[in-house]
Amino acid sequence: MKITTYFFKVMVLLALSGPVCAATANYEVVPLPQQIVMQKGGPFVLETGVEILAMAALQREAEFLKQYLKEVTNIDLPITQKYTKKGRYIKLTISPKVKKAEGYILTVNQKGIRIEGGSAAGVFYGIQTLRKAVKEGAVLPAVIITDAPRFVWRGMHLDCSRHFFSTDFVKKFIDLLALHNMNRFHWHLTDDQGWRIEMKKWPKLISVGSQRTGTIIGTNSDIDDGIPYGGYYTQDEVREIVAYAADRHITIIPEIDMPGHMLAALASYPELGCTGGPYQVGHYWGIYKDVLCIGNERVYQFIEDVLTEIMELFPSEVIHIGGDEAPTDQWRQCPKCEGLGQTHFTKRVFDFLTSKGRRALGWDEILEGSPEDAMIMSWRGTEPGAKAAETGHDVVMSPTTYCYFDYQQVEETLFEPSRCGGCISIEKVYSLDPAPDSLSVMARRHILGTQANLWTEYITNEAMLEYQALPRMSALSEVQWTQPKRKNYEAFKERLTRLTALFEQYHYQYAKHLWPDRQIPSRWLF
């Protein structure tokens, strides 16, 4: 109430002051900062003549600020490293008084704007807040915003195996993460229906594994379209995307799903399976019985070669090794696999990654018998994650019940483009608490954060993917960033309504269920 009252007073004062005609910025953005304290004194007007003042180490952040402000205000501000007394500046700096690396302090007064970060990443998040605030107007009331994220892992997942998305679109998706203060991009690159990343030592993964001869129509109907489908990322393209994300303080977590979900690899190299094939890249969705032969030493050479190339491409400490939905039928019938199970396989892979200074992350199926340092991604509800955290594992919460964005957004699906799963509304996403008080203090320390997943069996193009992500991604960003006591769903909807102006400016598709007046008129005919 205090913030709202102050904004009203500022607007009245600006109206009475006469010459100022620009609209007023609004600091209540998405995700909501932890503390917004309005100050006395006149506002700062963002206009020609203002400069961006940044030390050498923050030139990249300064360039982003320059770009963002030009896009949202059409004002092109120069960047400088030289300070003069008469200058008017937006100053970017790293400050020891900001204790958290991703935290920042944004100060606005009549003389200028200052963004102090605990690191360059903190400065970048302060820039995001400023960017979203000034979309409302170039008159910035005096304020001190003190902010830092609740969780260190704030992620989104994208499955590029079932349906392939271009390098340019992956970058556009990464831009969405940056807009929402997210810092982890979980990139699902291989599965039964396609291997999407070039491997130099195993070239058939691309020549064979990246192509399927058709795709099932609908939800595993008896009809196959018979249309060849494929695509993959070269290693140069991967490096380009990794660098693009790093510039925006986003770490890419690559996933090579194993020992199940490996049909595309088996089609490429049949000797890696228990039966020897024949195999073909998957056409339909779901779980295939064909898995890697975990008693075959050549399989471990394959895995180590693939992971070595993955580690050369991705600097992330964490490598996702999948581990979900691996049927055991063929292992029970295979002489080489006698007496072995997934725990044996996971430990071999884990030990290899550990020897290279990396950490293994897997879906919650790997929890049983997994090494103590293994990271768990809890997808079958929050319970496996809670159990893992209580036993000392680091956990990322990604439960189907809140975080599967391929699921429907509303109960009535007549006008929805996807036909996947149940219903996860934006309000349901907003209600998630990944680390509730019901967990012990120790367990809550092991909850690194949360992410949402976009599986693409039924998401066939870029517009559908954006639609499924937005605006639920915005709700998730407040779960990831904002402390629970600051969250309020009704107030969030107001902030989200303002944020949609940026969705539209950047030509993102988004679901409009919260704004029926924005939906297409043809719906009214039914």
Worksheet item: Are the side chain of Glu317 and the backbone N or O of Gly357 linked by a donor-acceptor pair below 3.5 Å?
Response: no
Fill in: Lys172 NZ: over 12 foreign heavy atoms closer than 6.0 Å
yes
Item to complete: Heavy atoms only: give me the nearest Ser161-Thr190 pair and the separation to one decimal.
Response: OG-C, 3.8 Å
Item to complete: Check the side chains of Trp285 and Gln193 for a donor-acceptor pair under 3.5 angstrom, ignoring hydrogens and angles.
Response: no
Item to complete: Decide side chain to side chain donor-acceptor pair (under 3.5 Å) for Trp202 and Asp305; before the verdict, give the C-alpha distance in whole Å, the side-chain angles of both, and the deciding distance to 0.1 Å.
Response: CA-CA 8 Å; Trp202 297 79; Asp305 287 345; 3.1 Å; yes
Worksheet item: Between CD1 of Ile447 and NE2 of His393, what distance do you get to the nearest 0.5 Å?
Response: 12.0 Å
Practice prompt. Calculate, to the nearest 0.5 Å, the distance between atoms CZ and NE2 belonging to Arg162 and His188 respectively.
Written response: 5.0 Å
Worksheet item: Under the 3.5 angstrom rule, does the side chain of Arg154 hit a backbone N or O of Gly449 as a donor-acceptor pair?
Response: no
Worksheet item: Under a 4.0 Å N-O cut-off, is there an ion pair linking Lys171 with Asp247?
Response: no
Worksheet entry | Least distance between heavy atoms, Pro399 atom then Thr382 atom | CG-CG2, 3.7 Å
Worksheet, complete the sentence: Cys293 and Gly273 have their tightest heavy-atom pair at CB-C, 3.7 Å
Discussion item. When you compare the side chain of Ile227 with that of Thr215, does any pair of heavy atoms fall below 4.5 Å?
Written reply: no
Discussion item. Please determine whether side chain to side chain donor-acceptor pair (under 3.5 Å) holds for the pair Thr213 and His283, giving the CA-CA distance in whole Å, both sets of side-chain angles, and the decisive distance to 0.1 Å.
Written reply: CA-CA 8 Å; Thr213 56; His283 286 218; 2.8 Å; yes
Worksheet entry | Heavy-atom donor-acceptor pair, Arg196 side chain to Ser210 backbone, under 3.5 Å | yes
Practice prompt. Look at atom OH of Tyr232 and say whether more than 12 heavy atoms of other residues, nucleotides or ligands are closer to it than 6.0 Å.
Written response: no
Worksheet item: Is the number of heavy atoms from other residues, nucleotides or ligands under 6.0 Å of Gln67 CD greater than 12?
Response: yes
Worksheet item: Looking only at heavy atoms, what is the nearest atom pair of Asp224 and Gly214, with distance?
Response: OD1-CA, 3.4 Å
Fill in: side-chain contact (heavy atoms from CB on, under 4.5 Å) evaluation trace for Ile459 with Tyr467
CA-CA 10 Å; Ile459 300 177; Tyr467 179 93; over 6 Å; no
Item to complete: Measure from the side-chain N and O atoms of Gln468 to the backbone N and O of Thr456, and report whether any donor-acceptor pair falls under 3.5 Å.
Response: no
Practice prompt. Supply the atom-to-atom distance Thr328 OG1 to Gln333 CD, rounded to the nearest 0.5 angstrom.
Written response: 9.5 Å
Worksheet item: More than 12 heavy atoms of other residues, nucleotides or ligands under 6.0 Å from NZ of Lys512: is that the case?
Response: yes
Worksheet item: When the ring centroid of His157 is compared with that of Phe405, is the distance short of 6.0 Å?
Response: no
Discussion item. I want to check a possible cation-pi pair here: Arg348 against Phe352, using under 6.0 Å from ring centre and within 45° of the ring axis as the test.
Written reply: no
Item to complete: For residues Pro315 and Val242, determine if any side-chain heavy atom of one lies less than 4.5 Å from a side-chain heavy atom of the other.
Response: yes
Worksheet item: Do Glu312 and Lys200 meet the salt-bridge criterion of a basic N to acidic O distance under 4.0 Å?
Response: no
Worksheet item: Are any of the side-chain heavy atoms of Val349 and Leu307 separated by less than 4.5 Å?
Response: yes
Worksheet entry | Under-4.0 Å salt bridge between Lys201 and Glu309 | no
Worksheet item: Tyr510 versus Thr500: any side-chain heavy-atom pair under 4.5 Å?
Response: yes
Worksheet entry | Modelled atom types, side-chain donor and acceptor of Asp290 and Gln330, under 3.5 Å | yes
Worksheet item: Can you tell me how far the CD atom of Glu338 sits from the CZ atom of Arg332, to the nearest 0.5 Å?
Response: 13.0 Å
Worksheet item: Do Trp331 and Pro259 touch side chain to side chain, with heavy atoms closer than 4.5 Å?
Response: yes
Fill in: Value rounded to 0.5 Å, distance of CD1 in Ile310 from OG in Ser316
11.0 Å
Worksheet item: How are the rings of Tyr300 and Phe345 set relative to one another: parallel (under 30°), tilted (30 to 60°) or perpendicular (over 60°)?
Response: tilted
Worksheet item: Looking only at heavy atoms, which two atoms of Val479 and Leu432 are closest? And how far apart?
Response: CG1-O, 3.5 Å
Worksheet entry | Residue Lys387 excluded, over 12 heavy atoms near NZ under 6.0 Å | no
Discussion item. Any side-chain to backbone donor/acceptor pair from Glu478 onto Leu32? Under 3.5 Å, distance only.
Written reply: yes
Worksheet entry | Interatomic distance, Glu466 atom CD to Phe173 atom CZ [nearest 0.5 angstrom] | 9.5 Å
Worksheet item: Aromatic ring centroids of Phe164 and Tyr233 under 6.0 Å?
Response: yes
Worksheet entry | Thr343 and Glu368 side chains, donor-acceptor separation under 3.5 Å | no
Worksheet item: Between Lys428 and Thr401, is there a donor-acceptor pair closer than 3.5 Å when you use the side chain of the first and the backbone of the second?
Response: yes
Fill in: Glu71-Tyr506 side chain donor-acceptor pair, cut-off 3.5 Å
yes
Worksheet item: Do His320 and Trp187 have their ring centres less than 6.0 Å from each other?
Response: no
Fill in: Main-chain N/O of Lys204 paired to Ser268 side chain as donor or acceptor, under 3.5 Å
yes
Practice prompt. Any chance you could lay out the side-chain contact (heavy atoms from CB on, under 4.5 Å) test for Tyr402 and Ser431, step after step, and finish with the verdict?
Written response: CA-CA 8 Å; Tyr402 295 89; Ser431 70; 3.6 Å; yes
Worksheet item: Between the side chain of Asp192 and the main-chain N/O of Met262, is any donor-acceptor distance below 3.5 Å?
Response: yes
Practice prompt. Report yes or no: does Asn453 contribute a side-chain atom to a donor-acceptor pair with the main-chain N or O of Trp455 at less than 3.5 Å?
Written response: no
Worksheet item: Going through the checks in order, is the side-chain contact (heavy atoms from CB on, under 4.5 Å) test met by Leu179 and Gln128?
Response: CA-CA 6 Å; Leu179 179 67; Gln128 294 299 333; 4.2 Å; yes
Worksheet entry | Val306 side chain reached by Trp195 side chain, heavy atoms, under 4.5 Å | yes
Worksheet item: Quick one: does Met375's side chain get under 4.5 Å of Leu448's, heavy atoms only?
Response: yes
Worksheet entry | Between Gln301 and Arg298: side-chain donor-acceptor atoms closer than 3.5 Å | no
Practice prompt. Give me the ring orientation class for Tyr104 and Trp481: parallel if the planes are under 30° apart, tilted from 30 to 60°, perpendicular past 60°.
Written response: tilted
Practice prompt. Without swapping roles, check the side chain of Glu390 against the backbone of Ala443 for a donor-acceptor pair under 3.5 Å.
Written response: no
Fill in: Between His249 and Asn183, a side-chain donor and acceptor under 3.5 Å
no
Discussion item. In terms of relative ring orientation, are Tyr269 and Phe302 parallel, tilted or perpendicular, with 30° and 60° separating the classes?
Written reply: tilted
Worksheet item: Can you name the closest pair of heavy atoms from Val281 and Gly194 and give their distance?
Response: CG1-N, 3.9 Å
Discussion item. Within the 4.5 Å heavy-atom criterion, are Met377 and Trp153 side-chain neighbours or not?
Written reply: yes
Item to complete: Apply the test side-chain contact (heavy atoms from CB on, under 4.5 Å) to residues Leu176 and Leu470: give CA-CA distance (whole Å), side-chain angles for both, the deciding distance (0.1 Å), then the verdict.
Response: CA-CA 10 Å; Leu176 260 185; Leu470 297 173; 4.0 Å; yes
